[in-house]
**Q** 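This is the structure I want to talk about, given as structure tokens.
Note that this is a predicted model, so its numbers are computed, not measured.
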Amino acid sequence: SSSSPTTLPRSDSIADKMPDALKQSRYHMKRCFASFVRGGKKLMKRENLMNEIEKCIEDGLDRKKIMEGLFGYILTCTQEAAVVPPYVALAARPDPGFWEYVKVNAGDLTVDEITATDFLKLKESVFDESWAKDENALELDFGAIDFTTPRLNLSSSIGNGADYISKFISSKLGGNTDKLEPLLNYLLRLNHHGENLMINEDINTVAKLQKSLMLAVNVVSTYPKHTPCETFAQRKWDLRKVGETHQRVKETMVMLSEVLEAPDSVKLDLLFSRLPTVFNVLIFSVHGYFGQKDVLGLPDTGGQVVYILDQVRALEEELLIRINQQGLGFKPQILVVTRLIPEARGTKCDQELEAIEGTKHSHILRVPFVTDKGTLRQWVSRFDIYPYLERFTQDATTKILQRFECKPDLIIGNYTDGNLVASLMATKLGVTQGTIAHALEKTKYEDSDAKWKELDPKYHFSCQFTADLIAMNVTDFIITSTYQEIAGSKERPGQYESHTAFTMPGLCRVVSGIDVFDPKFNIAAPGRSKRLTKFHPSIQELLYNEKDNQEHMGYLAEREKPIIFSMARLDTVKNITGLVEWYGKDKRLREMANLVVVAGFFDMSKSNDREEKAEIKKMHALIEKYRNSELYRCIADTKGVFVQPALYEAFGLTVIEAMNCGLPTFATNQGGPAEIIVDGVSGFHIDPNNGDESVARIGDFFSKCSTDGLYWDSISNAGLKRIYECYTWKIYAEKLLKMGSIYGFWRQVNEDQKKAKQRYIDMLYNLQFKPLVNQESGYPEDKALPLRLA
Ligand code: UDP
Ligand code: LCN
């Protein structure tokens, strides 16, 4: 709330502040806590607490007394409260990533600071008393086995892991020559198809390396700078050339010499941006449909596919530039590995290999799901996919090794299933790994952890959250699109942060699942797509044709009105129906603007008519080929807006797409869009849970546009500026490659710690994850088990 005194000094813990809070407003606190415990055991969220406070105020308590003192501060930090009369246990979050737990006795107002474990136990007793009391209940504590990994301290450093790691490494390397040995070993191991890339085995001491570098720099300096450096290897020197020209070779050698002399993170970063570390990349995106045509809008197929295809293009481009500068002439190979779906519904998802458009060497490789009964022919939901993943990993490994004829240099997972497969394979092959969540389902559904039993038949969250934990802890680095994805905002915990301490009563109590201060977290936002077009007539037809058909329902009678546009898969959290309702109910908005909604696609399987099918396909092609940009532009031509009303959005590519076409955008304040848009400057935030307020904001915008002829353009331009400055794939690719090499080195430096943790994780995989997956009861026969087998 705006009245919260956020400037209070934070030196004391919440528990320390309590006595002063009591001095300030004992009577008020007593009444509030009494009302919290009324009605018995329950879990209260911040909204519930606030509602209760409002009631107390109606009953005569003074708002100022409650909200403006220390008590008010504590309340505004509180994320949830487990009420187990006479106790109220508060989980307070004074800053992103910082949690404190206190237990208040509502009767006498005594306060105790408690641990996360104790808080979780109290929370559990709301859901499952006997589990909460079980002294031997399984606790997962990844923190306890992480004894050497350095940790960040400041909320503001979260998400800059790679920078921190290079600082940490350089301080570890400094001091004396012995400490440089890990770097020497790393350089010795750099190879491609078994051929050493940097130095030969004969250079087995740092002193020898330093000496060779000195001699070589002297020789290279005698050649003209810009001439190609070809003769280097043939001199039978122990140093390999890394650089296309003499100049480049010399620079790299000087960089290396300087790092050896006195390592610092700036020099180390520069050096690592030159080292030949990454040529073959594997990207896992397991669940289908993954393709380049006719797939968007199919169930579970949304932004992830768009993201990966753009990512591959950017990554290949960057790899080509680097390999060229390194003078190595290798072909980079990027493989996106997904499942092959025999019943492909007119898509190419039944083809094993498909070249990726806009790249020279990159492909999609599809590997089928196989069980004892044969090949799984049909699509399965991402929620039902777990039983197939282990076998898939094995089959994919064989195929990939055949294709690459060597190990990949980097493995990147996408979404829970891809991240798990990536973790299994990277561990097996000893390869550097990165993961990308796209969306962690845990934060999308309220109390999905505490209520896992109820939700498991439909969602299998027991498997999903276990798989997520495994992948987060195995992976060398984690790529996120925004800060909020990791550590949220002042008000709301991040998606990863919600995995710090949580509980699934009856299964396990996670007392330390992931640490958002772990330097493995990195923010690298996706960029905007390069898209172009000439499709006006079809879009005009789509918007203004009076006849309903498979493509559209309704038409826009009043063409002069601006359009409010929205587009998303028909997923409950996307809240498209909410938007339609807001619009339907609001007369002012209906008078001011038209509404156009593209909500997923029409189910092709429902249409048996060949012509209809062709129409649907045409529509798919139209929207996909041009990735909707022309549609966004047509809306912009009407001086319209884009609205993204999701109840929760992990990142939100449609927001980027709309802004990139100059459409003023109103997007949910729950999740990524809140960070993409600077509210009131480059667009607007709306509260999906407050339709009236959201509709009023949109309405006010149109009003202002009608009186101020420049307003629409000012927001449009600021949106474009924001996208150009912050969302480019070039920056993304550079960051990704930096992570690939620096964490590759770090995993060697940190090898012992990594091994110890891996043992713990192996146990979790075998003793927890696999039995969960094998419980057939959890997988309703009509859903996950193969219906028709080949
Ligand atoms: N999309 C589409 N047709 C639809 C719905 C979505 O082409 O009916 C595209 C949209 O343009 C965007 C992506 O799918 O590129 C959706 O990504 P976003 O990050 O917004 O959401 P997700 O579906 O991944 O949750
Ligand atoms: C999945 C989502 O739900 C979206 O919020 C993201 O934009 C998309 O993946 C790409 O990362």
Side-chain angles (χ1 to χ4, degrees), residues 1-2 47 50-51 54 489 491-492 543 552-600 631-632 634-649 652 654-655 657-659 661-709 711-716 718-719:
S1 101
S2 52
E47 312 85 81
M50 290 304 166
N51 288 341
E54 285 304 320
S489 58
E491 289 79 30
R492 194 189 155 111
L543 299 179
H552 63 94
M553 274 164 67
Y555 70 101
L556 306 178
E558 294 166 276
R559 290 186 176 214
E560 67 291 348
K561 281 188 189 171
I563 292 173
I564 299 170
F565 176 49
S566 190
M567 169 164 59
R569 292 176 293 118
L570 267 182
D571 196 325
T572 326
V573 281
K574 298 286 185 190
N575 193 29
I576 292 289
T577 45
L579 173 64
V580 175
E581 225 177 309
W582 297 348
Y583 177 81
K585 278 195 202 149
D586 195 85
K587 191 154 172 271
R588 176 170 85 132
L589 201 56
R590 286 203 315 273
E591 275 166 8
M592 283 193 284
N594 287 315
L595 176 69
V596 172
V597 166
V598 173
L631 193 51
Y632 288 114
C634 281
I635 311 289
D637 290 344
T638 73
K639 297 276 175 197
V641 300
F642 183 75
V643 182
Q644 213 288 14
L647 301 175
Y648 185 76
E649 184 63 60
T654 52
V655 174
E657 290 165 359
M659 288 166 76
C661 294
L663 257 184
T665 299
F666 292 76
T668 179
N669 61 8
Q670 304 292 312
E675 213 165 298
I676 302 173
I677 292 172
V678 181
D679 190 29
V681 179
S682 41
F684 304 90
H685 296 170
I686 50 171
D687 180 352
N689 297 308
N690 190 341
D692 292 345
E693 191 191 284
S694 302
V695 161
R697 278 209 101 173
I698 303 169
D700 291 349
F701 172 83
F702 284 121
S703 292
K704 191 154 179 196
C705 287
S706 61
T707 55
D708 174 352
Y711 191 53
W712 190 94
D713 291 290
S714 72
I715 299 289
S716 165

**Q** I would like to know whether R697 and E693 meet salt bridge (charged side-chain N to carboxylate O under 4.0 Å, His left out); could you show each step before the answer?
**A** CA-CA 6 Å; R697 278 209 101 173; E693 191 191 284; over 6 Å; no
**Q** Measure the shortest side-chain to side-chain distance between M567 and I576 over non-hydrogen atoms and say whether it is less than 4.5 angstrom.
**A**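 No - every pair of side-chain heavy atoms lies 4.5 Å or more apart.
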**Q** Can you find a heavy atom in the side chain of S489 that is under 4.5 Å from one in the side chain of E675?
**A**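 SC-SC contact between S489 and E675 ruled out.
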**Q** At their closest point, which heavy atom of Y632 faces which heavy atom of E657, and how far apart are they?
**A** OH-OE1, 2.8 Å
**Q** Using a 6.0 Å cut-off, check whether atom CG of N690 has over 12 heavy atoms from anything other than its own residue.
**A**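 Atom CG in N690 is packed in, count exceeds 12.
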**Q** Would you say L647 and N689 make side-chain contact, with heavy atoms under 4.5 Å?
**A**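 Sidechains of N689 and L647: in contact.
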**Q** To the nearest 0.5 Å, what is the distance between CG on D679 and NE2 on H685?
**A** 4.5 Å
**Q** Side-chain contact test, heavy atoms from C-beta onward, threshold under 4.5 Å: evaluate it for S682 versus M659 and give yes or no.
**A**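 Counting from C-beta outward, S682 and M659 do come under 4.5 Å.
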**Q** Short question: side chain of W712, backbone of S706 - any donor-acceptor pair under 3.5 Å?
**A**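 It does not hold such a pair.
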**Q** Quick check for you: to the nearest 0.5 Å, what is the distance between I686 atom CD1 and Q644 atom CD?
**A**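 Rounded to the nearest 0.5 Å, the CD1-CD separation comes out at 8.0 Å.
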**Q** Measure the spacing between OG1 of T665 and CD1 of I715 and express it to the nearest 0.5 Å.
**A** 10.0 Å
**Q** Output the distance between atom CZ (R588) and atom CZ (F702), rounded to the nearest 0.5 Å.
**A**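 The CZ atom of F702 is 10.5 Å from CZ of R588, to the nearest 0.5 Å.
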**Q** Look up atom CD1 in I564 and atom CG in N594, then write down how far apart they are to the nearest 0.5 Å.
**A**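 So the gap between those two atoms works out to 8.5 Å.
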**Q** List the residues meeting side-chain hydrogen bond (donor to acceptor under 3.5 Å, both in side chains) with N51, not counting sequence neighbours, and say none if there are none.
**A**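 For N51 there are no side-chain hydrogen bond (donor to acceptor under 3.5 Å, both in side chains) partners, ignoring immediate neighbours.
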**Q** Work out which heavy atom in P664 is nearest to a heavy atom in G662; give both atom names and the distance.
**A**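 Minimum heavy-atom contact is CD-O, 3.3 Å.
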**Q** List in chain and number order the residues that pass ring-ring contact (aromatic ring centres under 6.0 Å, His included) with Y711, two or more places apart in sequence or in another chain; answer none if no residue qualifies.
**A** F701
**Q** Using the salt bridge (Lys or Arg N to Asp or Glu O under 4.0 Å) criterion, which residues pair with E558? Sequence neighbours excluded.
**A** K561
**Q** Side chains of V641 and F684, heavy atoms from C-beta outward: is any pair under 4.5 Å?
**A**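 Not touching, per the 4.5 Å side-chain cut-off.
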**Q** With the side chain counted from C-beta on, respond yes when L589 and W582 share a heavy-atom pair under 4.5 Å apart, and no when they do not.
**A** no
**Q** Please determine which of L631, T638, V597, T654 meets the side-chain contact (heavy atoms from CB on, under 4.5 Å) test together with F565.
**A**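 The residue from L631, T638, V597, T654 that satisfies side-chain contact (heavy atoms from CB on, under 4.5 Å) with F565 turns out to be L631.
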**Q** For residues A636 and C661, report the shortest heavy-atom separation together with the two atoms involved.
**A**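 For A636 versus C661, the nearest heavy atoms are CB-O, 4.0 Å.
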**Q** Can you see which heavy atom on L579 is nearest to which on P645, and at what distance?
**A**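 The answer is CB-CG, 3.8 Å.
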**Q** Specify the closest pair of heavy atoms between P673 and A667, including all atoms of both residues, with the distance to one decimal.
**A**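 Heavy atoms of P673 and A667 come nearest at CB-CB, 3.6 Å.
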**Q** Could you measure the distance from the CD atom of E649 to the NZ atom of K574? Nearest 0.5 Å is fine.
**A** 3.5 Å
